[in-house]
Amino acid sequence: MKRAAPLLPILSAMTGLLCFGVMDGFMKIAALAVGAYAALFWRNLVGSLIMLPVWLARGNKDGKRGLPGREAMRLHLLRSGVSGVMATLFFYGLARTPVAEAMALSFIAPLLALYLAAVWLGEELSRRAVAGSVLALSGVGLIAAGKFGGTSYNAESVHGLIAILISAVLYAWNLVLQRRQSQLAGPEEISFFQTFFIFCLLGIGAWWFAPVPPAQIWAVLAASAVLSTASLMLLGWAYARAEAQVLVPLEYTAFIWAAIVGWVVFSEPLTWRTLAGVVLIVAGCLIALQRKPAPEAAAERA
């Protein structure tokens, strides 16, 4: 018999992605005001202060109080480092690129995750993965063509596109780490340590790159911190209860929220070039992520 899709993890992941989509809008406002580095640094300070009492009250996944085990802490630190660089690059690009377009370009991450799994886990790449890669990359090329060749774009938008594409590579690594992390740690633990470690890592350059924001930006940062920590907990809960292959395709629903936020908050039009690029990227990724049915499953359907 075919197993039913895990409904609650799917709903949790989609809600988490909705929070992330709205959070991107707040972070774009903050990044335009004080810069991507400063916005991320201060947001994670607020997020750490929010999540510390929550984590202390809930404890770790094993029910114990105190610091998590060595393997969990190693994953928290590793994923925080990857996410910190990834997020800084993404928000730098987001300040120079329409929200929906930035989200569309980040959609190559699930595809890149296949190649990372092949390198690190020894998984075999199928012909589907290669064909899907070509199709998805053509979508990226369609969106990028306007950046490099269009008259309505400038050098800043090209820099933003490059930053988002590099961020997407790191996001693919983040997806590989997320599943393992969620098996070792609870959602409150993941949210607190990732937020706190990113704050600490960015603190290295905060003296130079993170001026104190004006008073009106603190409300934006606080809203962003609440949405970010909520999203981390929702996604952590979902990935602990469903396989990555079920949840990763849901990443594409984020484009809906990105397009709405960009249109409502920033009056950003949704171009046909972006829509066509999204169709090609999503189609390519879905083709690549398809798996052949296991022999016993095929026999059951026969």
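The shortest heavy-atom contact between S157 and T97 is O-OG1, 4.3 Å. Considering every non-hydrogen atom in both E189 and A72, the closest pair reads OE2-CB, 4.0 Å. Between F199 and S48, the closest heavy-atom pair is CB-OG, 4.3 Å. Scanning all heavy atoms of the two residues, the minimum distance from E268 to A100 falls at OE1-N, 4.4 Å. Here the closest heavy-atom approach between residue P214 and residue V34 is recorded as CD-CG1, 3.8 Å. Contact record, S167 with M86: OG-O, 2.9 Å, taken as the closest heavy-atom pair.
For the pair R241 and Y239, the NZ or CZ position fails the cation-pi test of under 6.0 Å to the six-membered ring centre and within 45 degrees of the ring normal. Both tests do not hold together for K28 against F91: distance to the six-membered ring centre under 6.0 Å, angle to the ring axis within 45°.
Note that the CG atom of L52 and the CD atom of E188 stand 13.0 Å from one another [nearest 0.5 Å]. With rounding to the nearest 0.5 angstrom, the CH2 atom of W42 is 15.0 Å from the OG atom of S224. Atom SG of residue C19 and atom CG of residue L227 lie 5.5 Å apart, to the nearest 0.5 angstrom. Taking OG of S106 as the reference point, atom CG of L89 lies at 13.0 Å (rounded to 0.5 Å). To the nearest 0.5 Å, the span separating OG1 on T195 from CG on L45 amounts to 11.0 Å. Once rounded to the nearest 0.5 Å, the distance linking CG of L142 with CG of L275 reads 10.5 Å.
The shortest distance between side-chain heavy atoms of I260 and W257 falls below 4.5 Å. Taking the side chain as every heavy atom from C-beta outward, V22 and F26 approach each other to under 4.5 Å. Side-chain contact between F90 and D24: present, with at least one pair of heavy atoms (C-beta onward) separated by less than 4.5 Å. Annotation: side chain of I190 is in contact with side chain of R79 (closest heavy-atom distance under 4.5 Å). Here the side chains of W237 and L8 are in contact, with some heavy-atom distance below 4.5 Å. Between L202 and T88, some side-chain heavy-atom pair lies under the 4.5 Å cut-off.
Distance alone, capped at 3.5 Å, is enough to place a donor-acceptor pair between the Y37 side chain and the G205 backbone. The backbone N or O of L170 lies less than 3.5 Å from no partner atom in the side chain of N174, so there is not a single donor-acceptor pair.
Hydrophobic cluster membership is shared by V220 and V212, with clusters built from Ile, Leu, Val, Met, Phe, Trp and Tyr side chains linked at under 4.5 angstrom. A continuous path of ILVMFWY side-chain contacts below 4.5 Å connects M233 to F193, so both sit in one hydrophobic cluster. Residues L177 and L184 are members of one and the same hydrophobic cluster, defined by side-chain heavy-atom contacts under 4.5 angstrom among Ile, Leu, Val, Met, Phe, Trp and Tyr. Residues F41 and L201 fall into different hydrophobic clusters, defined by Ile, Leu, Val, Met, Phe, Trp and Tyr side chains chained together at heavy-atom separations under 4.5 Å. Cluster membership for W207 and I198, using ILVMFWY side-chain heavy atoms within less than 4.5 angstrom, is shared.
Residues T274 and E101 have side chains that bring a donor and an acceptor to within less than 3.5 angstrom of each other. Defined by atom type and a distance below 3.5 Å, a donor-acceptor pair is missing between the side-chain atoms of N60 and R65. For the residue pair Q181/H76, the side-chain donor-acceptor check at 3.5 Å is satisfied.
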Next on the checklist: Quick one, F192 with V54, criterion side-chain contact (heavy atoms from CB on, under 4.5 Å). Give me CA distance, side-chain angles, the key distance, then yes/no.
Outcome noted: CA-CA 8 Å; F192 168 68; V54 178; over 6 Å; no
Q.
Applying side-chain contact (heavy atoms from CB on, under 4.5 Å) to M14 and I10, what does each step give before you reach the verdict?
A. CA-CA 6 Å; M14 291 183 69; I10 286 174; 4.0 Å; yes
side-chain contact (heavy atoms from CB on, under 4.5 Å) between M23 and S231: does it pass, once the steps are laid out?
CA-CA 9 Å; M23 181 269 293; S231 181; over 6 Å; no
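Within 6.0 Å of CZ on F196 lie no more than 12 heavy atoms contributed by other residues, nucleotides or ligands.
Checked options S83, S228, S80; the residue passing with Q194 is S83 (criterion: side chain to side chain donor-acceptor pair (under 3.5 Å)).
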